[in-house]
Amino acid sequence: MTAICETMSGPALGLSVRRNKISCPEAPIRHNDMVTKIFPGMTGARSWFNFWNLPGISVMYSDPSESKKDLEEALVWVEEEIKNMIQEGIPSGNIVLVGVSQGGALTLYTALHTQYKLGGFIAIITWLPLLKLEPPDSLQTPVNKDTPILHMNGNLDVLVPPAAGRASATAMRQVFTNYQQKNVMGNHLTIAINPLNPTVYCWLKKNVPNMAFSTQSLLLCY
């Protein structure tokens with residue numbers, strides 16, 4: 001996913017590489033029950049947290065399908081990245097957290113739980129973990145309740161079906177005032193490997209004033 005991160009965070013979105021700092025941490029190699037189900041015999045894969053049901057099932061049932069312990073551990077790693085950027089002199093309001101698939105689930109989880117007020121969150125082809133176990137409106141009001149959030153899913157995605165996105169959106173809108181969930185044409189794979197999408201570019205231009213864009217970008221907003 002590092003290569004995808006680097007592609008998404010650079011010229012593909014019309015961003016200035018010279019004037020933006022891009023950080024693409026990798027998830028650790030660890031056991032993941034869902035990976036084992038799909039690929040029997042595989043003992044480990046890069047994974048931010050363990051989960052054992054597909055998102056379409058996870059968002060429907062109160063019995064959680066994601067490891068709360070792993071999510072909390074991953075949140076510490078994310079906040080360490082944020083803290084390092086702040087210590088380098090980057091205002092927290094200029095930091096945008098982006099995640100794809102499982103990383104997108106961690107992005108939404110971070111929006112709910114982080115102590116840092118950020119400039120934005122972008123979660124792609126993903127779902128809200130622990131949705132039924134701890135719905136957003138049952139938690140302490142997040143510091144990012146007014147922070148812009150873009151949640152983009154694929155309308156042909158069978159791994160994170162549109163219903164999972166809609167359920168996540170319904171729950172998130174109970175708490176976040178600037179949350180947008182949008183479906184675009186594509187499936188899990190095509191959106192992940194082809195992040196050149198004006199939806200994200202235009203959202204950044206509209207919602208993150210201090211984001212630096214390349215003057216060479218050919219992307220257009222309407």
Side-chain angles (χ1 to χ4, degrees), residues 1 25-82 97-116 118 121-145 147 149-154 157-176 179-181 183 187-188 191-192:
M1 283 296 181
E26 283 192 315
I29 296 176
R30 68 197 309 170
H31 172 77
N32 183 288
D33 286 310
M34 182 53 62
V35 171
T36 302
K37 287 181 181 179
I38 298 173
F39 303 104
M42 183 177 287
T43 58
R46 291 205 176 275
S47 179
W48 291 111
F49 57 89
N50 187 24
F51 65 104
W52 42 91
N53 279 322
L54 288 171
I57 297 174
S58 174
V59 299
M60 300 301 295
Y61 297 102
S62 57
D63 187 24
S65 296
E66 302 90 9
S67 168
K68 173 72 172 179
K69 175 179 177 294
D70 288 358
L71 282 162
E72 284 296 302
E73 184 179 31
L75 176 62
V76 171
W77 299 331
V78 172
E79 292 198 319
E80 188 67 24
E81 289 284 333
I82 296 170
L97 182 64
V98 183
V100 177
S101 191
Q102 193 190 41
L106 179 57
T107 296
L108 294 180
Y109 188 83
T110 302
L112 276 167
H113 295 281
T114 185
Q115 61 183 300
Y116 295 103
L118 301 187
F121 297 86
I122 301 176
I124 299 175
I125 50 173
T126 195
W127 75 103
L128 177 62
L130 306 179
L131 188 155
K132 293 293 186 180
L133 178 66
E134 47 178 47
D137 61 359
S138 71
L139 303 173
Q140 182 177 350
T141 302
V143 299
N144 286 286
K145 70 181 184 68
T147 300
I149 300 174
L150 173 63
H151 178 184
M152 188 173 74
N153 281 18
D157 193 349
V158 296
L159 295 179
V160 186
R166 289 194 298 269
S168 299
T170 298
M172 293 288 280
R173 289 191 184 113
Q174 300 301 310
V175 170
F176 293 97
Y179 169 91
Q180 178 186 6
Q181 198 275 329
N183 287 334
N187 59 37
H188 206 81
I191 295 174

Under the rule for side chain to side chain donor-acceptor pair (under 3.5 Å), what residues qualify as partners of Ser47, not counting sequence neighbours? Asn32, Gln102
Do Asn53 and Ser65 get their side chains close enough for a donor-acceptor pair, meaning under 3.5 Å? yes
Can you run down the ring pair (Phe, Tyr, Trp, His ring centres under 6.0 Å) pairs that involve residues 29-48, sequence neighbours left out, and say none if there aren't any? none
Atom pair CD1 (Ile124) and CE (Met152), whose distance is rounded to the nearest 0.5 Å: 4.5 Å
So which pairs with a foot in residues 30-59 pass salt bridge (Lys or Arg N to Asp or Glu O under 4.0 Å), sequence neighbours left out? Glu26-Arg46, Arg30-Asp70, Arg30-Glu73
Apply side chain to side chain donor-acceptor pair (under 3.5 Å) to Gln174 and list each qualifying residue two or more places apart in sequence or on a separate chain. none
So Leu139 and Glu134, do their side chains get closer than 4.5 Å, heavy atoms only? yes
Show the nearest heavy-atom pair for residues Ala111 and Pro142, with the distance to one decimal. O-CB, 3.7 Å
Under the side chain to side chain donor-acceptor pair (under 3.5 Å) test, residues paired with Arg173 that sit two or more places apart: none
Glu80: salt bridge (charged side-chain N to carboxylate O under 4.0 Å, His left out) partners, not counting sequence neighbours: Lys83
Which heavy atom in Ala45 sits nearest to a heavy atom in Met42, and how many Å separate them? CB-SD, 4.3 Å
Pairwise distance OG1(Thr110) to CD1(Ile82) - rounded to 0.5 angstrom: 6.5 Å
Write out all pairs satisfying salt bridge (Lys or Arg N to Asp or Glu O under 4.0 Å) with one or both partners inside residues 99-108, taking only residues at least two apart or from two chains. none
Can you list everything that forms a ring-ring contact (aromatic ring centres under 6.0 Å, His included) with Phe49? Sequence neighbours excluded, please. Phe51
Taking side chain to side chain donor-acceptor pair (under 3.5 Å) as the test, write out the residues that go with Tyr109, two or more places apart. Lys68, Glu72
Under the side chain to side chain contact (heavy atoms under 4.5 Å, CB included) criterion, do Leu71 and Leu130 qualify, and how do the steps go? CA-CA 10 Å; Leu71 282 162; Leu130 306 179; 3.7 Å; yes
Nearest heavy-atom approach of Leu118 to Leu97 is CD1-CB, 4.2 Å
Once salt bridge (Lys or Arg N to Asp or Glu O under 4.0 Å) is applied, what residue pairs with a partner in residues 49-60 remain, sequence neighbours excluded? none
Just grab all the side-chain hydrogen bond (donor to acceptor under 3.5 Å, both in side chains) pairs involving residues 123-133, residues at least two apart or on different chains. Glu66-Trp127
Side-chain heavy-atom pair Leu108, His151 within 4.5 angstrom cut-off: yes
Which side-chain N or O atoms in residues 157-172 pair as donor and acceptor under 3.5 Å with protein atoms at least two apart or in another chain?
| from | atom 1 | to | atom 2 | distance (Å) |
| --- | --- | --- | --- | --- |
| Asp157 | OD1 | Leu159 | N | 2.9 |
| Asp157 | OD1 | Val160 | N | 3.2 |
| Asp157 | OD2 | His188 | ND1 | 2.9 |
| Ser168 | OG | Leu128 | N | 2.9 |
| Ser168 | OG | Ala164 | O | 2.8 |
| Thr170 | OG1 | Arg166 | O | 3.0 |

Residue pair Thr114 / Asn144, side-chain heavy-atom distance below 4.5 Å: yes
